[in-house]
Amino acid sequence: MFTVQNKVNWNESLEFLMIGVYDHPNKFGDWLEETSPNLQNQLKELVKSGDISAKKKSIAVVHTLGLVGPKRLLFVGLGKKKGLTKEILREAFGKAFQTINKARITAAGIMLDTFVAEGFEPEVVCEVLSEAFALSLYEFNGYKQKPNVPEVSIESLTVYSSTEENSLEEALSVGYIYGQATNAARTLVNTPPNLLTSTDLANYAKGLAEKYSLEIEILEKEDMERLGMGAILAVNQGSVEPPKMIVLKYQGKPEWTDVVGLVGKGITYDTGGYSLKPKTGMVGMKTDMGGAAAVLGAMEIIAQLKPEQNVVAVIPSTDNMVNGNAFKPDDVITSMSGKTIEVTNTDAEGRLVLADGITYAKHHGAEYLVDVATLTGGVITALGSDKTGAMTNNESLYEQVLEASMETDEMIWLLPITEKDKAKVRNSRIADLNNSPTREGHAIMGGAFIGEFAEETPWVHLDIAGSSVINGNHDLGPAGATGVMVRTLALFVESFTKIED
Ligand code: BES
Ligand code: ZN
Ligand code: ZN
């Protein structure tokens, strides 16, 4: 996939050579002198005419017409060196790779030194580069008899750099692992619900466990009954598909202490149950296991990069269907924690499965909790589709998640949970909790409800109802699942530090 070499050979044939252009009086580096005098003049002219620009994320493809070995030079605008961010760099790389890939060629090269800036050492650039490479070229093939996938795509990338090879190879591999795991999550989310049941999700997790030697436990319906997981069981009541509680464990410390619990909503399809969704609102609900996919993707990264942390991943999974056996509004159910819940809306099912998921994560020793869920339409109204809504009972833990998200450029924004909000989810005349007390601020209601099960354990809730899918194609991938929070969760775990109270 990636090869690192010391210097560009201007006599050697190459389909594409990628070059970074900063906003600087001299748009080109010393490398220009190594090329042919004729090409040098032509390139300078193209800068004057504005065809080659340093404008952020501008792409210019220049054919060299036999003047040098590389057939095409691809110039990537990066703006001012001081203004460079990881986001610009990642998206610029994504755009460049998509341009190259459209040419249906298999090999390309990149002059790494032209991208380097302060804070963007060659290793950092390599990590961003390989991540963008994986993300931007992702495709979901679909099920057409004649798939419209390209016949050829880039298979190898040569990185030309004056820096030591090993450290770059390592960075390239880390970025690629991050990108590939995100793509795996995207594929899970894009897969139609008839082809991805809870059983399929559990089998997928088993595959991960085998491949990366993770410990795995899958609770079957009978196990859930024995453990009193009345909340996930209620959601599953109307389904012919058996529910699964999927648990993956990664132990990176000698003792099973300071365990981080990652809990992902794994609703493989959400009809709303008897509080049925309107027909237009139901389409797309195959993505209601986006939280589960994010957790599985993060575990795939963690299992490969092996940080010195302990992690338990818990995925409560079922679909939310309707039949004669289905749970109903007005039902009162008992969760694993013992807390009773008055069901006022069967479409607020995510918080129910998460209730038992969180309790079970604690049962497995989780001392810190992050849950990820496509929980509410309300978060989309509040923040739009590009942001993840966050809620917490512990600012320090939230800070750590936020810091990770700023590195990965997966935007999150904190919403408050006040004492009055907590009182609302406790507002039931016949049970401890009400799963849908009001539509006002219902993203917050969802968070407040889940928080009742985290109790005193430091906890962050991430509502990805908007951010888990995107409507149009973008620099880092096609329309559809984004794989949001895979990278943030993995980075959060990698850099996690114990909170002293
Ligand atoms: N899965 C939905 C949330 C959702 C909505 C995800 C749009 C992705 C896009 C969730 O289970 C749900 O139905 N939530 C209700 C909560 C309400 C009943 C309190 C909602 O958002 O309307
Ligand atoms: Zn729902
Ligand atoms: Zn749902």
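Throughout, numbering of the chain's residues begins at 1 and tracks the sequence. Counting starts at 1 for both ligands and their atoms, in listed order.
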Shortest protein contact, [atom] (heavy atom only):
atom	value
atom 2 (C) of ligand 1	D270 OD2, 3.5 Å
atom 16 (C) of ligand 1	R351 NH2, 3.8 Å
atom 21 (O) of ligand 1	G377 N, 2.6 Å

K265 near ligand 1, heavy-atom distance under 4.0 Å?
yes
Check whether any heavy atom of G272 sits under 4.0 Å from an atom of ligand 1.
no
Considering just N/O/S atoms, say which atom of D270 is closest to the Zn ion (ligand 2).
OD2
Ligand 1 atoms nearer than 4.0 angstrom to some heavy atom of M285 are 1 (N), 4 (C), 5 (C), 6 (C), 7 (C), 8 (C), 9 (C)
Within a distance under 4.0 Å of any heavy atom of D288, pick out the atoms of ligand 1 and give their elements.
1 (N)
Under the 6.0 Å and 45° cation-pi test, does R186 pair with F140?
no
Heteroatom N/O/S of L375 within less than 2.8 Å of the Zn ion (ligand 3):
no
Please state whether the separation between the Zn ion (ligand 3) and some N/O/S atom of D347 is under 2.8 Å?
no
Salt bridge K56-E91, side-chain N to carboxylate O under 4.0 Å
no
With a 4.0 Å cut-off on N to O distance, would you call D432 and K339 a salt bridge?
no
Looking at E349, pick out the N, O or S atom nearest to the Zn ion (ligand 3) and give its name.
OE2
F93 and F115 aromatic ring geometry - parallel, tilted or perpendicular at 30°/60° bounds:
tilted
Of the non-hydrogen atoms in A92 and I59, which two are nearest, and what is the gap between them?
O-CD1, 4.2 Å
Do you see an N/O/S atom of D288, backbone or side chain, under 2.8 Å from the Zn ion (ligand 2)?
no
Taking atom CZ of R104 and atom NZ of K102, what is their separation to the nearest 0.5 Å?
9.0 Å
